[in-house]
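Notes follow the structure.
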Amino acid sequence: MQDFKHSNLPLLRSQLADARHRQLLLIIGSQAWCYAQCQQLLANSNDNLILSSSKTLENAVWPEHLHQILGQEFSNLVYDGFSGIVPNKIAAAAGTVKAGGLLLLLLPELDELAHWLDPAITRWCSEGQTPKQSYFLKRWQQLWRQQPAWHISEHFGVQLPLAYLAASSAVCGIEEQQNVLTQLSTALENQQTPVLLSADRGRGKSALLGLLASKHPTQQFVICSRHLHALHSCFSMLAQALNTEVDVKTKKLANLSYVAPDALLQQASALDSNTVILVDEAAALPVPFLIQVAQLGFRCIFSSTLVGYEGNGRGYTLRFKRYLESHYPSYLDFTLSTPIRYASNDPLEQQIRDLFVLECKATSPILTSSTTMRAISQSELIENNSLLEQVFSLLVLAHYQTGVDDLRQLLDAPDLHLRGAFCNNKLVGICLAVIEGGLASDLAEDILAGKRRPAGHLMAQQLTTSFGDSQFVTEKSVRIVRIAVHPDVQQQGIIAAYWRSLKPHYQKISVT
C-alpha cells in the first residue's frame, strides 16, 4: 500500500491552502485498492463528504437529489466512480470543496477507461440496448493524457508535482461584491428598470441578494427560484446580518419571502406595488416566464449562474437580453467575476469546466454560402473537441435546462443519430434523433395493457397507449429529440433542409 506520509501530498496541500486553491486528485486502480487508499488518506480528517453507494467506505452517502449535498463545504470530497459516473452529481458536489481542499475521484487505471463500463451508463440506454463502450470516459482518458492530472496509481505509484506554485490574486471577490451591492442599492432607489446579475459559481451571487435585503430592512423582497434549497446562502447572509439563526427550510425571514415560480405569477396581483422581485438562477427558468415577470411592473433583479451543473446560461443570456434590449433599453447588467470562496484561477474550477465542456460558446455565424448536411458520429465528437464544443453550445442555446448530464447522453446514448448543418465548415445547426421501437410483441402487449413502462422509447410508448396500437412499439421509428439552429441564422431554411436530408436515410422507418 502506498504510504502517503512519505509522499509530498501534505506539502502540496499546504501550498494549495496558501494559494486558496482547490485541486482534483485521481485515485486510480482496482476498486478495493482505491477504497483502501481513500480511507488511509482521510484517516486524520473529519471534514469529508464521501459520495459512494458502497458500504465499504465509512460514512459514505449516495444522495438521489442534489439539494442534499448543496449549501455545505468540506476539506475533502470523495466521488466514487465505481458507483457510477453521474456528471450532474460530480459538478454539483465540486462546489462544496473548500479553498485548499481536494476532490478525490476514484476510477480504474487510465488505460482502462476507454473500455470500462461504469454502473451509471445504463441511465442513457433504452430497453433492448447494451452499451459496449463509453465515449464520455474515453474523452476523459484523452484529456488526462494531454494534460496530466494529479493522480496516485496502483500500478504506477504517486504521480504528483514536486510543488504547487500559484500566482496570488490581487483582486478580492468581497470588494467586488460590495461594489455591486452599492450599485444595486442605488438602482433600486432611483429607477424601475430590470436588473441582470450574472456570475459563475462561487462568486457570492446568491449571498449578495441576502445582503441587499439586509441593507433595506423596510423594503419587502420576494425571491423566486426553482429550488428553495438553492437559496440557503441568501437566507443565511440575511440571518447573519440580523444576528439570528436560519433553518435550511426557511421560506420567510424578516423582509425576504420565498415564492415558487408558478405561485409568483398567481400571487403577483396581491403584492404591494413597492415590492422588489428577486429571481435567482433565472437561467434555469423558461425565458417566457422571465418575460412575464418583467412585465408585472415591479422592480426586478434577475440573478443567474452562467456556467454550472444546473445548466449553461448562454441561451438565457442571449434570448432574455435581446428582449430586455428591445423593451427595456435602460436595463442594468452587473457581473461578479472574482471568486469569494476560493482564489482566482482555481485549478478545480477549470478542471470541471474541461471535463464537462462548460466553456463552450456559440459564436455568431454568417451564411455566406449554402449549408451542407452530414452525419456526426459520437467517435468524431471525442476526436474533435472543437466540434464537440460547437454541438454542445448549440444544444445549450436551444433549451434552458441543458446540463452536464446531457453531455454524457450526447456521447454515450446508443442509437443516437446526429446530423449537422455546416456553412464554410462552421456548425450552424444540429439535429438529434433516436431510433425507437422494435420491441418484442409480448413486451408490446404489456405496454399496451399498462403493465410495463420500459426505459426509453418515449414517443413509441406514448403513441401505443394513446391509439391503442402495439405496432408503434414493435415497428421502428425515428424520434426527433431536438433541432437546434443558431439564433443568428434562424428562419433561413435550415430546418426545412434537415427534413429533406433526413428522408433518404430513414426511408423504411417512420419519423416522429
Side-chain angles (χ1 to χ4, degrees), residues 176 179-200 203 205-206 208-209 212 221-226 261 264-265 268 273 275-308 310-337 358-367 390 392-402 423 426-429 484-492 494-495:
E176 182 183 44
N179 289 335
V180 173
L181 175 61
T182 299
Q183 295 178 71
L184 281 177
S185 295
T186 302
L188 287 182
E189 293 170 356
N190 298 329
Q191 58 191 71
Q192 293 286 117
T193 188
V195 177
L196 295 185
L197 174 62
S198 304
D200 288 346
R203 270 65 178 174
K205 168 183 55 59
S206 294
L208 177 57
L209 300 180
L212 184 65
F221 291 83
V222 168
I223 189 163
C224 166
S225 178
R226 281 184 65 213
L264 177 61
L265 297 178
S273 60
T275 301
V276 176
I277 295 180
L278 309 175
V279 181
D280 196 31
E281 293 306 342
L285 295 166
V287 170
F289 168 80
L290 302 179
I291 292 174
Q292 285 182 284
V293 174
Q295 293 173 340
L296 290 175
F298 298 95
R299 286 171 291 172
C300 300
I301 298 177
F302 299 91
S303 169
S304 191
T305 304
L306 295 185
V307 175
E310 305 94 339
N312 196 306
R314 306 295 180 193
Y316 150 81
T317 302
L318 186 64
R319 295 195 296 275
F320 190 47
K321 272 191 175 181
R322 283 182 173 176
Y323 169 79
L324 293 181
E325 289 168 356
S326 174
H327 295 81
Y328 303 91
S330 61
Y331 82 96
L332 301 178
D333 192 355
F334 298 104
T335 300
L336 294 172
S337 58
L358 292 175
E359 292 282 17
C360 61
K361 298 180 181 179
T363 57
S364 181
I366 300 176
L367 294 184
Q390 292 178 61
F392 199 56
S393 66
L394 285 181
L395 295 178
V396 164
L397 286 175
H399 199 277
Y400 69 99
Q401 285 186 330
T402 300
C423 181
K426 185 179 181 65
L427 186 74
V428 295
V485 176
H486 194 286
D488 289 346
V489 292
Q490 290 176 358
Q491 298 182 346
Q492 298 190 39
I494 293 178
I495 291 180

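The structure displayed is predicted, hence computed values, not measured ones. Heavy-atom basis, side chains included; hydrogens, waters and symmetry copies ignored.
At least one donor-acceptor pair closer than 3.5 Å links the side chain of S393 to the backbone N or O of Q390. Checking side-chain atoms of E176 against main-chain N and O of S337 turns up a donor-acceptor pair under 3.5 Å. Judged by distance alone, with hydrogens and angles left aside, the side-chain atoms of S185 form a donor-acceptor pair with the main-chain N or O of L181 at under 3.5 Å. Checked by atom type and distance alone, the side chain of S303 never pairs as donor or acceptor with a backbone atom of D280 at under 3.5 Å.
Taking NZ of K321 as the start and OG of S198 as the end, the distance is 6.0 Å to the nearest 0.5 Å. Here CG of L196 is found 9.0 Å from CG of L332. Values are rounded to the nearest 0.5 Å. Here Q292 contributes atom CD and L264 contributes atom CG; the two are 10.0 Å apart, rounded to the nearest 0.5 Å. One finds the OG1 atom of T182 at 10.5 Å from the CG atom of L212 (value rounded to the nearest 0.5 Å). Rounding to the nearest 0.5 Å places CG of L285 at 9.0 Å from CD of E281. In this structure, L336 CG and D200 CG are separated by 10.0 Å, a value rounded to the nearest 0.5 Å.
Residue P261 comes nearest to S225 through the heavy atom pair CD-O, 3.3 Å, listed as atom of the first residue, atom of the second, then distance. The shortest heavy-atom contact between Y323 and A294 is CE2-CB, 4.4 Å. Q490 and V485 make their closest contact through NE2-O, 2.9 Å (heavy atoms, listed as atom of the first residue, atom of the second, distance). For A284 against R226, the heavy-atom pair with the smallest separation is O-CD, 2.9 Å.
Two residues are said to be in side-chain contact when any heavy atoms from C-beta on lie closer than 4.5 Å; L324 and D333 fail this criterion. Counting heavy atoms from C-beta on, the side chains of L188 and V195 never come closer than 4.5 Å. Looking at heavy atoms from C-beta onward, C224 lies in side-chain contact with F289 at the 4.5 angstrom threshold.
Just one residue in the list T275, V293, V222 forms a side-chain contact (heavy atoms from CB on, under 4.5 Å) with F298, and that residue is T275.
Heavy-atom contacts from other residues, nucleotides or ligands closer than 6.0 Å to CD of Q491 number 12 or fewer.
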side-chain contact (heavy atoms from CB on, under 4.5 Å) evaluation trace for I291 with H327: CA-CA 10 Å; I291 292 174; H327 295 81; over 6 Å; no

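Using a cutoff of 4.0 Å between basic side-chain nitrogens and carboxylate oxygens, R299 and E189 are not scored as salt-bridged.
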